[in-house]
Amino acid sequence: MQDIYIMAIETSCDETSIAIIKNGREILAHVINSQAEEFSTLGGVVPEMASRMHLDNICIVYKEALAQADLAITDIDAIATTYGPGLVGSLLVGVNFANTLSMLYGIKLIGVNHMQGHIYALELENDITYPMMSLIVSGGHTELVYVENAMEFKIVGQTLDDAAGESYDKVAKMLGLGYPGGPLIDKLASTGNPTYKLPTPMNDETLNFSFSGLKSACFNQVNTMNMKDIKINKADFACSFQTVVVDVLLKKLVHACKLYPVNSISVVGGVSANSELKKRVKELYPDCMIPSNILSTDNAAMIGVVGYHLYLKGMFVETNLNAKPNISVEQMWTN
Ligand code: KG4
Ligand code: ZN
């Protein structure tokens, strides 16, 4: 079979990323320009700033990706771009860039669901066996997704309010650690002990999650200690918070794997880069697939993998692609 080269574009949040993927598996180029440093002192992403930075960066990232792969745009068989979910202004930059390239050079266009990308990041390092239970833990989502066959997604549990990554970011902000909070809490927690008492949220038999109550409990404790001039042991607080989050994520994953027949298990998305989560999930399920850190957080290579699956199915965008900021993992682009 002829080799298929996909150019993948990802701009759903604060990473401008372009990858070139051969036959859905081999990364020929992968450029990730993260805006995290710009937002580190602001405590989170400012959507309008993120869109403007994508505009500043996208042409540079595009040229660098082609140079890394030593290819010309005319060598590319299809352009796959994230069209949702995400920040609308950020998504529009990648979507419009893809629409323009597709029209100018007559290249096929594919719209990719970002959450499906997080799951299929796995294929850059593993062979997936189905059915698979996948726990997606990112900045905007916390979901248990049952993937019965290739590219068939069913949400079987999800957060009713905040996402796990969001709670990491908010608690880090309370502790004055910076953004993104996940890696900072992860590092700090490894030097602490779980000495602070925090509630385990949604500690029930459902497959759903809730992190806003935990966030409020953290906020109240930190506030009270500040008001009473009690010094907070940040490492112990980070460790206490992380222990509760990892406990509940694992509890629900285990429950889901008992309720559904599975041949494989995976944990994906930005929070799957967490060292404690990785360690404890591997103790329970040694074969559990978790992407390496660079493929856990937002990146274009994972978008290219889904792009390849859709290429093989002939699912191309016929007219202009538009951004859909609120789509669920179960949705695919339809003309
Ligand atoms: O998947 P992702 O890059 O973007 C979204 O699609 O949302 O996830 C970003 C989230 C952020 O909330 C960040 O704090 C969290 O992933 N994160 C981590 C770690 N690395 C990134 N959370 C916990 N531990 C980490 N090591
Ligand atoms: Zn993401």
Side-chain angles (χ1 to χ4, degrees), residues 8-17 19 32-37 39-40 42-45 47 50 81-87 90-91 94 112-122 134-143 145 158-159 162-175 177-190 192 211 214-215 238-239 241-250 266-281 290-303 305-306 325-329:
I9 303 174
E10 158 61 39
T11 63
S12 68
C13 188
D14 59 341
E15 267 86 26
T16 316
S17 180
I32 306 174
N33 185 309
S34 176
Q35 305 165 1
E37 218 176 292
F39 294 125
S40 65
L42 301 175
V45 176
T81 194
T82 302
Y83 73 98
L87 301 170
S90 289
L91 286 166
V112 174
N113 182 316
H114 179 83
M115 304 318 292
Q116 296 177 4
H118 273 302
I119 295 177
Y120 274 87
L122 293 167
S134 192
L135 171 64
I136 308 185
V137 268
S138 74
H141 294 78
T142 300
E143 288 166 353
V145 180
Q158 61 189 315
T159 182
D162 294 353
E166 192 179 348
S167 70
Y168 265 96
D169 295 335
K170 299 237 168 90
V171 171
K173 194 175 174 184
M174 285 171 213
L175 296 175
L177 299 179
Y179 172 87
L184 299 165
I185 290 195
D186 190 359
K187 198 163 165 226
L188 199 57
S190 66
F211 293 102
L214 174 62
K215 175 186 69 186
C239 182
F241 162 76
Q242 179 162 281
T243 303
V244 170
V245 173
V246 173
D247 279 351
V248 77
L249 290 175
L250 290 184
S266 59
V267 184
V268 303
V271 182
S272 73
N274 185 266
S275 50
E276 183 66 14
L277 178 60
K278 272 192 200 192
K279 189 184 109 208
R280 287 185 51 199
V281 85
I290 305 173
S292 50
N293 286 3
I294 192 76
L295 299 173
S296 288
T297 48
D298 287 352
N299 69 87
M302 67 185 196
I303 303 304
V305 181
V306 175
N326 296 315
I327 49 169
S328 112
V329 67

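Whatever order the structure lists them in is the order used to number ligands and atoms, beginning at 1.
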Check whether [X] reaches the backbone of [Y] with its side chain - one donor and one acceptor, N or O, closer than 3.5 Å.
{"X": "Thr82", "Y": "Thr11", "result": "no"}
{"X": "Ser138", "Y": "Gly269", "result": "no"}
{"X": "Asp169", "Y": "Gly43", "result": "no"}
{"X": "Thr142", "Y": "Ala164", "result": "yes"}

- Message: With heavy-atom distances below 4.0 Å as the criterion, list the atoms of ligand 1 near Gly140.
- Response: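 Here the atoms of ligand 1 in question are 7 (O).
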
- Should you measure from each heavy atom of Gly165, which atoms of ligand 1 turn up under 4.0 Å away?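 Ligand 1 atoms under the 4.0 Å threshold to Gly165: 12 (O).
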
- Query: Is the closest heavy atom of His118 to ligand 1 under 4.0 Å?
  - Reply: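 The answer is yes, since His118 has a heavy atom less than 4.0 Å from ligand 1.
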
- Message: If the contact criterion is a heavy-atom separation under 4.0 Å, does Cys13 count as touching ligand 1?
- Response: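 It does not, in that no heavy atom of Cys13 comes within the 4.0 Å cut-off of ligand 1.
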
- In Å and rounded to the nearest 0.5 Å, what is the CD to OG1 distance from Glu166 to Thr159?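 Reported value, rounded in 0.5 Å steps: 8.0 Å.
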
For ligand 1, does [X] get within less than 4.0 Å through its side chain, its backbone, both, or neither, judged by non-hydrogen atoms?
{"X": "Thr297", "answer": "both"}
{"X": "His114", "answer": "side chain"}
{"X": "Asp298", "answer": "both"}

- Message: Considering both backbone and side-chain atoms of Pro180, is one of its nitrogen or oxygen atoms within less than 3.5 Å of a nitrogen or oxygen in ligand 1?
- Response: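 The answer is no, given that Pro180 and ligand 1 share no N or O pair closer than 3.5 Å.
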
- Ser275-ligand 1 polar pair, N/O distance under 3.5 Å: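 The answer is no, given that Ser275 and ligand 1 share no N or O pair closer than 3.5 Å.
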
- With a cut-off of 2.8 Å, which protein N/O/S atoms are close to the Zn ion (ligand 2), if we only count those under it?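 Near the Zn ion (ligand 2), below 2.8 Å, one finds His114 NE2, His118 NE2, Asp298 OD1.
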
- Query: Going by heavy atoms in the side chains, are Asp247 and Arg280 under 4.5 Å from each other?
  - Reply: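 A side-chain contact exists here, since the closest heavy-atom pair is under 4.5 Å.
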
Shortest protein heavy-atom distance from [atom], along with the residue and atom involved:
{"atom": "atom 26 (N) of ligand 1", "answer": "Asp186 OD2, 2.9 Å"}
{"atom": "atom 24 (N) of ligand 1", "answer": "Asn274 ND2, 3.0 Å"}
{"atom": "atom 22 (N) of ligand 1", "answer": "Gly182 CA, 3.2 Å"}
{"atom": "atom 13 (C) of ligand 1", "answer": "Asp169 OD1, 3.8 Å"}
{"atom": "atom 10 (C) of ligand 1", "answer": "Gly139 N, 3.5 Å"}

- Message: Going by side-chain contact (heavy atoms from CB on, under 4.5 Å), name the residues that satisfy it together with Ser34, two or more places apart in sequence or in a different chain.
- Response: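 Ser34: side-chain contact (heavy atoms from CB on, under 4.5 Å) contacts with Glu15, Ala36.
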
- Message: For a quick test of reading the model, state the closest non-hydrogen atom pair linking Glu276 to Val246 and the distance between them.
- Response: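 That closest heavy-atom pairing would be CG-CG2, 4.2 Å.
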
- Task: Inspect the surroundings of NZ in Lys278 and state if more than 12 heavy atoms from other residues, nucleotides or ligands are less than 6.0 Å away.
- Result: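 For Lys278, atom NZ is crowded (more than 12 foreign heavy atoms under 6.0 Å).
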
- Quickly, which of Val329, Asp298, Val306 forms a side-chain contact (heavy atoms from CB on, under 4.5 Å) with His114? Name it, please.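 Among Val329, Asp298, Val306, the one that satisfies the side-chain contact (heavy atoms from CB on, under 4.5 Å) with His114 is Asp298.
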
- From the options Pro85, Gly270, Ser296, select the one whose nearest heavy atom is closest to atom 20 (N) of ligand 1.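 Among Pro85, Gly270, Ser296, the closest heavy atom to atom 20 (N) of ligand 1 belongs to Gly270.
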
- Task: Identify, with sequence neighbours excluded, every residue that meets side chain to side chain donor-acceptor pair (under 3.5 Å) alongside Ser17.
- Result: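 None.
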
- Can you name the side chain to side chain donor-acceptor pair (under 3.5 Å) partners of Ser134, sequence neighbours left out?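 Listed in chain order: Ser266.
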
- Message: For Asp186 and Ser275: C-alpha separation, side-chain torsions, deciding distance, then whether side chain to side chain donor-acceptor pair (under 3.5 Å) applies.
- Response: CA-CA 7 Å; Asp186 190 359; Ser275 50; 2.5 Å; yes

